[in-house]
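See below for the structure under consideration.
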Amino acid sequence: MERRVAERLRGALGPLGLEPHAFKVGWYNAVLQPAFHLPYPDDTLAFVILSTPSMFDKALKPFVKKERLKIIRDPVDQCVSYHLSRVKEKFPDQRVDVMFDYEILPSRKPKFLAQTAAHVAGAAYYYQRKDVKHDPWGKKKIYGVCIHPKYGGWFAIRGLLLFPDIQVLFLEQPAPVDCVSTEEKRIELLEQFNFHWQDGRYRDIIEVKERYSEEQRVYFATPPAERFRLLGLTQ
């Protein structure tokens, strides 16, 4: 069942520059405190959805052009929401729940922890402070970051698709590729991400096969309120 669902998702999302990666809810819940658990049985099938560098041209720009006369708040969020919601139509006999990376609960907690989901699904390695043996940061707050073996930091985690009616008892958990494997490089990665994230150097911590286009880099480097102009939109 998982393979059929995965193939259907890849067929629908791949041409849009979106990548689905399967996982069991139990893998995710096992590494988090109960306050962050997903409210589904452990064997529930889920997919974390990544946007790759090609999503900008394959999905976002066509979506904006098509939706030009409608109200657009955040173009990327609405584009991803539109396409993931349409995916539900591919499974008319299944319940499909969708969670987006920007959604928060009434408690102000995020609906899901995106980087943890990507890690347990084997999609990208979530490098954290605990992955450095000789910690040089003292009392400083250090945030972790996911690195993809193909795209480095040139990707984003956009949402989850959950299939509450599908239980996958024997799904094998893939390990994420540890592509930043030395202590020195991990320190460099976390330093760049936490203290110099604006320049984006952390994204190239490994040799990448694909990165954002210049147009896309300018778009994401522009304050959100000014991005409409770059896409030929008015707010």
Side-chain angles (χ1 to χ4, degrees), residues 1-52 54-55 58-60 62-63 66-67 73-74 76-126 146 148-149 155-177:
M1 175 62 84
E2 178 273 330
R3 286 185 181 178
R4 289 203 301 273
V5 174
E7 286 173 5
R8 202 175 296 180
L9 286 177
R10 284 194 291 269
L13 298 176
L16 301 168
L18 298 170
E19 272 186 10
H21 294 266
F23 69 98
K24 284 172 41 166
V25 165
W27 303 346
Y28 175 91
N29 287 349
V31 298
L32 293 172
Q33 297 173 351
F36 292 101
H37 284 185
L38 294 170
Y40 300 85
D42 282 352
D43 290 323
T44 302
L45 177 63
F47 290 82
V48 62
I49 309 299
L50 309 185
S51 63
T52 71
S54 67
M55 188 273 286
K58 290 181 176 179
L60 179 63
F63 171 78
K66 183 179 179 183
E67 303 295 310
R73 297 177 295 278
D74 180 282
V76 173
D77 287 350
Q78 284 191 254
C79 172
V80 172
S81 173
Y82 170 78
H83 287 297
L84 293 192
S85 296
R86 284 200 68 188
V87 162
K88 296 170 71 170
E89 299 169 10
K90 303 282 185 184
F91 302 93
D93 300 323
Q94 299 288 347
R95 176 182 156 197
V96 185
D97 294 346
V98 186
M99 295 183 185
F100 299 103
D101 66 301
Y102 53 82
E103 291 185 296
I104 58 173
L105 298 166
S107 64
R108 307 302 295 172
K109 288 188 177 76
K111 272 198 171 181
F112 73 99
L113 299 184
Q115 300 200 107
T116 299
H119 186 93
V120 301
Y125 200 108
Y126 184 23
C146 272
H148 190 285
F155 77 104
I157 304 157
R158 299 297 182 185
L160 297 184
L161 294 172
L162 299 115
F163 293 79
D165 300 329
I166 302 178
Q167 303 295 299
V168 281
L169 278 65
F170 304 109
L171 187 63
E172 290 188 19
Q173 184 172 10
V177 178

Value for CZ (F23) from CD (E2), rounded to nearest 0.5 Å, stands at 12.0 Å

Heavy-atom closest contact (L171 atom, A22 atom, distance): CD2-CB, 4.5 Å

Pair V96, V87 - check side-chain contact (heavy atoms from CB on, under 4.5 Å), show working. CA-CA 9 Å; V96 185; V87 162; 5.8 Å; no

When rounded to the nearest 0.5 angstrom, what is the spacing between CG in L84 and CG in L13? 6.0 Å

Would you confirm whether R8, through its side chain, and K90, through its main-chain N or O, come within 3.5 Å as a donor-acceptor pair? yes

Kindly say whether Y126 contributes a backbone atom to a donor-acceptor pair with the side chain of Q115 at under 3.5 angstrom? no

Could you measure the distance from the CG atom of D97 to the CZ atom of F163? Nearest 0.5 Å is fine. 9.5 Å

Would you check, one step at a time, whether the test side-chain contact (heavy atoms from CB on, under 4.5 Å) holds for L18 with I49? CA-CA 7 Å; L18 298 170; I49 309 299; 4.1 Å; yes

Main-chain N/O of L45 paired with Y40 side-chain donor or acceptor, under 3.5 Å: no

Which residue pairs pass the ring pair (Phe, Tyr, Trp, His ring centres under 6.0 Å) test with at least one member in residues 97-117, sequence neighbours excluded? F100-Y102

All heavy atoms of H148 vs all of A123, minimum pair found to be CD2-O, 3.5 Å

Kindly give the heavy-atom pair with the smallest separation between L16 and H83, and that separation in Å. CD1-ND1, 3.5 Å

Per the side-chain contact (heavy atoms from CB on, under 4.5 Å) rule, which among D42, T116, V120 passes with W27? V120

Flag side-chain contact, heavy atom, 4.5 Å: F63 against V76: no

How close do G17 and M55 get, counting heavy atoms only, and between which atoms? O-CB, 3.7 Å

Non-neighbouring partners of E103 that pass salt bridge (charged side-chain N to carboxylate O under 4.0 Å, His left out), sequence neighbours left out: K111

Looking at every heavy atom in both L169 and K24, which two are closest together, and how far apart are they? O-NZ, 3.2 Å

Do you know which two heavy atoms are closest between A124 and C146, and how far apart they sit? CB-CB, 4.1 Å

Quick one: pull up CG in D74 and OG in S81 and give me the separation to the nearest 0.5 Å. 11.0 Å

Measuring from atom NE2 of H21 to atom CG of L50, what distance do you get when rounded to the nearest 0.5 angstrom? 4.5 Å

To the nearest 0.5 Å, atom OG1 of T44 lies from atom CG of L38 at 9.0 Å

With a 4.5 Å limit on heavy-atom distance, are the side chains of D43 and P41 in contact? no

